[in-house]
**Q** 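Please find one structure pasted underneath; my questions will follow.
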There are 2 protein chains.
Amino acid sequence: MPGPIQSIERAAAILRLLSGGARKMGVAELATALGLPKGTVHGILRTLQHVGFVEQSPDTGKYQLGAALFHIGSSYLDVNELRTRALNWSDSLAARSKESVRIGTLHEGQVLVVHHVFRPDNSSQVLEVGALLPAHASALGKVLLANDPVDQLDPARLTGFTPATCTDPDRLRAVLAEVRSRGWASDVEEMVEGEVSVAAPIRDRRGVTVGAIGISGPIERLCGLAGEDAGTPRAELVSYVREAARAISRDLGAIPW
Amino acid sequence: MPGPIQSIERAAAILRLLSGGARKMGVAELATALGLPKGTVHGILRTLQHVGFVEQSPDTGKYQLGAALFHIGSSYLDVNELRTRALNWSDSLAARSKESVRIGTLHEGQVLVVHHVFRPDNSSQVLEVGALLPAHASALGKVLLANDPVDQLDPARLTGFTPATCTDPDRLRAVLAEVRSRGWASDVEEMVEGEVSVAAPIRDRRGVTVGAIGISGPIERLCGLAGEDAGTPRAELVSYVREAARAISRDLGAIPW
DNA sequence: GCACCCGTTCGACAATGTCGAACGCGGTTG
DNA sequence: CAACCGCGTTCGACATTGTCGAACGGGTGC
């Protein structure tokens, strides 16, 4: 049995399409997208529905993701050692910095958010756990890219979000080199106008970077307003983030450095 | 092709085991649990790993859930119309009641939490989105059970958590009948000692109950301390919850009743 | 060094999923 | 009002495909 099992691969492809596509999709739509006969796709969909991974609208007959998949997927967080260990420290980082905190891992060249602590004021914020962020335009992503053994930089994915977004592969590589030696990364209005983020790497017992922790918030609060600090994150916030990252790394068994 | 596709069903069973089981599992462990030969299980696992639904520890060789599954599963929330519409209202309910808010749906006889707003103080709270709560020992669950067309009451699942938990099927049915006519449910220390919750049903355009919204918090804040209110949720909080439920139902197209 | 348990590989068999055409249904169009 | 198109679904024959159980190789503990 050399190759992977087709039906499962196809089922996974369908789930991925349903996850990315706009809301609901029909059998024919999925079939053409995958280049498969309708009957085959329908058989797979029926099975996926039977196990609760997809649901079908009774009226339109179209398919969407199911609740069982959501529940199973969310229990990934319990298994994720990084997230488990990081829970307490991220709370205290949010309290110290008074900004929202996110923890992410590299997943297929993007940043997968595995934890999110809201900013400790009473503002309403959207939960971003499970979301994928662009790696080149966030502090979390830069930290992860810079410390990753394999060069996951895909020039085709360097989409520009704001004028400040770095879309040039060579320039980005230079930035990453600096991030690696400096030990932390920042993003100043590179993804969203007016938003700034700072992040530092989390390492495990082997010294491998397994994730990153960072804060994000409005530029007025995160950056200095005048003098040398203007346009760069405030030094105290940077040290808060780095201390939190070091604390989690120590919990994971990394040699305290 | 009458029956569902076996390999996909088996893959789903493996994922479910990995989701419920303690952290990581080995091939042999999964094989005996499913009554399948090791080779077969290994083939499925290899495929699941190939699509990113499971990951394998490089050293121990054991398997656990993968990040891709988590990401795909979490995008269920975007498709879920109930959750999308309920976002704003749950924020305002949290602000009015000053307690944490949860929204849930019935899933295989349990309550699947699809949204969770933290209590608007700065206390650290664990995110429960994706978790399954027992239906008989939570206000959300009682609302959902009471308004569900099919009787999903499974006497075997009426586990007792505290002295106040209702474990008798007949008594629970009576409680549910009252919940149905009254339009809201409460849980006073039935799941966790000292914790109280209140919930009301959310209906869609057809009048079908598609979910429930509720608040939960310590008994000292949620219940009256003396007089007639003692041991029952405070009337103003109940009306906050019911108003929020009505507002969301209206958003979903239900006839304002 | 032996015995055991693990994850993994392999090859033969037939059970299994795949395919494409046909069905029934709802909507829209002339 | 009928013809038509597109949808999700069903069906049966074929051979591709996944399944099985035994054997391999590397760990660990006695």
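Worth knowing before you read on, the calculation uses all heavy atoms, side chains too, and leaves out hydrogens, waters and symmetry mates. Every chain is numbered from 1 and lettered A, B, ... according to where its sequence line falls, protein lines coming before strand lines.
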**Q** Would you say B:Q56 reaches C:dT8's phosphate, i.e. side-chain N/O to OP1/OP2 under 4.0 Å?
**A** yes

**Q** Rounded to whole Å, please give me the gap between NZ in A:K38 and C1' in D:dG6.
**A**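 The answer, rounded to whole Å, is 8 Å.
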
**Q** Taking only side-chain N and O atoms of B:H42, does any of them lie within less than 4.0 angstrom of OP1 or OP2 on C:dT8?
**A** yes

**Q** Nearest of D:dT19, D:dT17, D:dC7 to any side-chain atom of A:Q6?
**A**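 Of D:dT19, D:dT17, D:dC7, D:dT17 is nearest to the side chain of A:Q6.
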
**Q** Would you tell me if any nitrogen or oxygen in the side chain of A:R10 comes within less than 4.0 Å of OP1 or OP2 on C:dG17?
**A**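 No, no such contact exists.
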
**Q** Return no unless some side-chain N or O of B:S7 is found under 4.0 Å from OP1 or OP2 of D:dG18.
**A**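 Indeed not, no polar side-chain atom of B:S7 lies that close.
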
**Q** Can you tell me the distance, in whole Å, between the CG atom of A:D59 and the P atom of C:dG27?
**A**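 Rounded to whole Å, this separation is 11 Å.
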
**Q** Checking the side chain of A:R180 only, and the main-chain atoms of A:A146 only, is there a donor and an acceptor separated by less than 3.5 Å?
**A**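 Yes, A:R180 side chain to A:A146 backbone: donor-acceptor pair under 3.5 Å.
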
**Q** What is the separation between atom CG on B:L34 and atom P on D:dG18, rounded to the nearest whole Å?
**A** 18 Å

**Q** Will you find, in the side chains of B:S7 and A:S7, an N or O donor that is under 3.5 Å from an N or O acceptor?
**A** yes

**Q** Measuring from the side chain of A:V27 (C-beta onward, heavy atoms only), which nucleotide among D:dT19, D:dG8, C:dT18 has the closest atom?
**A**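 Per side-chain heavy atoms of A:V27, the pick is D:dG8.
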
**Q** Once you round it to whole Å, what is the distance between P of D:dT9 and CG of A:L45?
**A** 8 Å

**Q** Tell me which of A:T60 and B:I8 sits closer to the 5' end of DNA chain D, going by the nucleotide each one is nearest to.
**A**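 Nearer the 5' end of the strand: A:T60.
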
**Q** Would you say the side-chain atoms of A:S249 and A:R203 include a donor-acceptor pair closer than 3.5 Å?
**A**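 No pair is found: no donor N or O on one side chain lies under 3.5 Å from an acceptor on the other.
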
**Q** Within the structure, does a side-chain N or O atom of A:R46 lie under 4.0 Å from either OP1 or OP2 of C:dG17?
**A**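 For C:dG17, OP1/OP2 do not have a side-chain N/O of A:R46 under 4.0 Å.
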
**Q** I need the CD1-P distance between B:I14 and C:dG7, as an integer number of Å.
**A**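 Whole-Å distance recorded here is 12 Å.
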
**Q** Of the candidate nucleotides D:dC7, C:dG7, C:dT18, which contains the atom at the shortest distance from the side chain of A:A28?
**A** D:dC7

**Q** Rounded to the Å, how far apart are B:L48 CG and C:dT8 P?
**A** 13 Å

**Q** Is the phosphate of C:dT8 approached by B:Y63 (side-chain N or O, under 4.0 Å from OP1 or OP2)?
**A**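 So the side-chain polar atoms of B:Y63 do come within 4.0 Å of the phosphate oxygens OP1 or OP2 of C:dT8, strictly under.
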
**Q** Atom CG of B:L30 and atom P of C:dT8: how far apart are they, to the nearest Å?
**A**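 Rounded to the whole Å, the gap is 12 Å.
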
**Q** Quick check for you: among C:dT16, C:dT8, C:dC19, whose closest atom lies nearest to any side-chain atom of A:L36?
**A** C:dC19

**Q** If you assign each of A:K62 and B:P37 to its closest nucleotide in DNA chain D, which residue comes earlier from the 5' end?
**A** A:K62

**Q** For the side chain of A:Q56 and the backbone of A:G61, is there at least one donor-acceptor N/O pair under 3.5 Å apart?
**A**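 Pair found, side chain donor or acceptor close to backbone of A:G61.
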
**Q** Where the side chain of A:D204 meets the backbone of A:G207, is there a donor-acceptor pair that is under 3.5 Å apart?
**A**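 Checked: pair present.
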
**Q** Can you measure A:H50 atom NE2 to D:dT9 atom C1' for me and round it to whole angstrom units?
**A**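 The answer, rounded to whole Å, is 18 Å.
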
